[in-house]
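Numbers restart at 1 for each chain; the letters A, B, ... are given by sequence-line order, proteins then strands.
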Protein chains: 2
Amino acid sequence: MLTISQLARYAGVTVRAVRHYHAIGLLPEPCRDHSGYRRYDAGAVVDLIRIRMLAEGGVPLSRVHQLLDAGGEEFAAEVAEIDRRLRADIRERQHHRRQIARLAAGDSLALPAEAVAYLERMRELGFPDRVIEIERDSWILIAAQMPDEIPVLMAIKHATLEHETLRRHYLSMADLADCSPDDPRLPSLADRVADFLEAASTVATAVAADAAEEEPVVSEELSALLDTVFVESFPCAARLLELLEDRGWTGWTSVRRMEPVLPRRCEEA
Amino acid sequence: MLTISQLARYAGVTVRAVRHYHAIGLLPEPCRDHSGYRRYDAGAVVDLIRIRMLAEGGVPLSRVHQLLDAGGEEFAAEVAEIDRRLRADIRERQHHRRQIARLAAGDSLALPAEAVAYLERMRELGFPDRVIEIERDSWILIAAQMPDEIPVLMAIKHATLEHETLRRHYLSMADLADCSPDDPRLPSLADRVADFLEAASTVATAVAADAAEEEPVVSEELSALLDTVFVESFPCAARLLELLEDRGWTGWTSVRRMEPVLPRRCEEA
DNA sequence: GTCCGAGCCTGACCCTGCGTCAAGGTCAAG
DNA sequence: CTTGACCTTGACGCAGGGTCAGGCTCGGAC
């Protein structure tokens with residue numbers, strides 16, 4: 001007859017674990033000797049070892065109970081399920097390893113390297129810090145939602161930045177940063193933005209075609225969030241969007257040419 | 001500005017988790033709007049994404065805190081450590097997968113495939129169920145304590161089973177199952193067991209030599225446990241062991257030839 | 001105006017799988 | 001008779017949140 005600590009040693013678990021299994025009814029309480037000590041037979045070691053095998057395979061203790069009673073059919077199904085879970089766990093950990101590696105390599109935690117380079121280039125070209133900050137925050141959000149599309153998206157942005165006319169337009173839009181909603185410069189700013197959008201869309205299409213990919217589509221939700229970031233970051237943003245609609249463009253992040261609807265044109269007057 | 005649920009969605013965590021991080025001081029509480037709602041900027045998304053990257057890598061939240069503040073040097077060391085842990089985790093899970101696979105292949109829990117085959121062979125040869133059950137439990141215990149030795153041990157047992165004379169002896173020992181301590185067949189059973197032991201030891205040595213390994217040594221402790229299983233399983237076991245001592249053998253699991261001590265011989269009379 | 005569903009707030013308890021005291025009773029050896 | 005190793009029950013603690021409960025607020029539809 002074994003004491004609890006002998007039992008535990010044989011099965012390779014702690015005494016506390018054994019008592020825990022008793023408490024949750026997983027291992028039946030054995031009989032007690034005259035002084036109240038638990039006394040186990042060798043069968044208990046076998047039971048305990050079986051429990052451990054399943055528990056170490058990641059089976060929750062509550063399920064181990066049913067599993068040990070289960071017949072071959074049911075048991076095989078359960079085992080298959082456990083194996084699936086283990087495989088998923090392994091894949092997950094491998095993914096985390098890659099993440100962590102990137103985290104160690106790039107100095108920026110939430111931004112992919114391409115985006116870091118892009119922001120750096122903006123700084124070189126003299127964009128205001130405020131604008132760059134908003135760009136950065138936006139790219140963090142984009143990277144979080146659609147990491148795979150980042151390369152193509154960044155290629156488009158880079159091409160825009162290195163395109164002479166577009167860069168000039170883009171830089172001239174920097175007024176954005178310090179306009180109030182009733183600033184007299186706004187209509188002319190809107191004109192410049194409209195010109196920019198016109199030219200930029202063809203560049204984007206060309207770059208995407210070059211990369212032999214279709215231009216990535218930003219989800220409605222993400223688009224809305226980025227628009228919110230934009231509107232909240234610049235006091236004049238809401239008004240600017242109105243002016244852009246007058247000029248035939250709707251949206252900001254996912255900007256689209258509007259169909260020339262007459263009633264709209266009327267509102268313009 | 002984002003609400004807590006937007007923040008959570010963008011970082012891929014639950015709202016509850018965000019609040020938890022606030023509670024433990026991992027993520028700073030943002031400012032509140034007029035009605036007490038938390039309002040986040042995109043920077044919070046960055047913070048949260050960094051926290052998740054580390055947490056998902058298995059870093060305890062308490063350490064994530066220090067890690068995010070740590071400089072490049074210290075940080076790199078920590079990341080290496082995390083990676084090491086992830087690799088170990090992956091290996092562990094792969095081990096469990098193998099365990100589970102074996103567990104599914106053999107229909108018996110906690111038994112290596114070789115042992116399952118051995119028990120199957122015993123069943124074919126007509127050993128009583130009770131005897132086979134005890135064998136099974138014993139092998140579970142052995143496999144738990146010295147899994148690496150199982151192949152050699154099983155090879156020995158298999159050889160014993162396929163050895164004509166030995167098999168005959170072994171089968172004839174099946175009386176064991178239903179003898180009481182004062183059964184008249186016991187002395188003759190003891191004779192047969194003694195014969196068996198004599199022959200078996202040479203087979204064991206030969207098989208081990210064939211496998212180019214030394215015959216595995218079962219630890220004193222395990223030996224004692226297995227003897228206990230034996231004694232508890234068969235009512236006549238204790239008496240049989242006495243009779244065997246009379247015949248010059250001591251122990252059961254790790255049976256040894258006794259030195260011919262005269263006082264013992266006297267007891268026989 | 002008001003009504004509804006969705007979203008926010010705090011506070012509190014629940015879960016797993018044990019670890020870790022606390023406060024005592026027991027056992028075998030010296 | 002003491003000492004130290006074990007045993008007992010009971011209780012609280014941990015991470016990392018999940019899940020109410022009970023109440024306030026928001027935005028849109030009617």
Rounded interatomic separation in angstrom, taking [atom1] from [X] and [atom2] from [N]:
{"X": "A/H34", "N": "D/dT8", "atom1": "NE2", "atom2": "C1'", "value": "14 Å"}
{"X": "B/R63", "N": "D/dA15", "atom1": "CZ", "atom2": "C1'", "value": "15 Å"}
{"X": "B/L48", "N": "D/dG17", "atom1": "CG", "atom2": "C1'", "value": "14 Å"}
{"X": "A/R32", "N": "D/dC6", "atom1": "CZ", "atom2": "C1'", "value": "14 Å"}
{"X": "A/D33", "N": "D/dC6", "atom1": "CG", "atom2": "C1'", "value": "12 Å"}
{"X": "A/L7", "N": "D/dT8", "atom1": "CG", "atom2": "P", "value": "11 Å"}

*Kindly state each residue pair satisfying ring pair (Phe, Tyr, Trp, His ring centres under 6.0 Å) with at least one member in residues 224-253 of chain A, sequence neighbours excluded.*
A/F230-A/F234, A/F230-A/W252

Can you check whether [Y]'s main-chain N or O pairs, donor with acceptor, with [X]'s side chain at less than 3.5 Å?
{"X": "B/H22", "Y": "B/L27", "answer": "yes"}
{"X": "B/Y21", "Y": "B/I51", "answer": "no"}
{"X": "B/Q6", "Y": "B/T3", "answer": "yes"}
{"X": "A/D41", "Y": "A/A44", "answer": "yes"}
{"X": "A/H65", "Y": "A/L26", "answer": "no"}

_B/S/- contact track for nucleotides 2-7 of chain C, protein heavy atom under 4.0 Å_ = -----B

*Between B/R257, B/E245, B/R256, which is the residue that forms a side chain to side chain donor-acceptor pair (under 3.5 Å) with B/T250?*
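Only match with B/T250 under side chain to side chain donor-acceptor pair (under 3.5 Å): B/E245.
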
*Rounded distance (nearest 0.5 Å) linking atom CD1 of A/I140 with atom CD of A/E135*: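 Nearest 0.5 Å value for the CD1-CD distance: 11.5 Å.
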
_Side chain of B/S35, heavy atoms from C-beta onward: which of C/dT10, D/dG16, D/dC26 has the nearest atom to it?_
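For the B/S35 side chain, the nearest candidate turns out to be D/dC26.
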
*So, is B/R38 close to the D/dT25 phosphate, meaning a side-chain N or O under 4.0 Å from OP1 or OP2?*
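Looking at the OP1 and OP2 atoms of D/dT25, neither is under 4.0 Å from any side-chain N or O of B/R38.
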
*asked:* With a 4.0 Å cutoff (strictly under), does any side-chain N or O of B/R52 reach OP1 or OP2 of D/dG17?
replied: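 For D/dG17, OP1 or OP2 has a side-chain N or O of B/R52 closer than 4.0 Å.
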
*Hey, does A/R39 reach any base, or is it just sugar-phosphate, or nothing, if we go heavy atoms under 4.0 Å?*
nothing

*Relative to the 5' end of DNA chain D, which residue comes earlier, B/A55 or A/G36, by the nucleotide with the nearest heavy atom?*
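In this pair, the answer is A/G36.
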
*List in numerical order all residues of residues 10-30 of chain A for which some heavy atom is under 4.0 Å away from an atom belonging to DNA chain D.*
A/R16, A/R19

*Is it true that A/R130 and A/E133 make a salt bridge, defined as a side-chain N closer than 4.0 Å to a carboxylate O?*
no

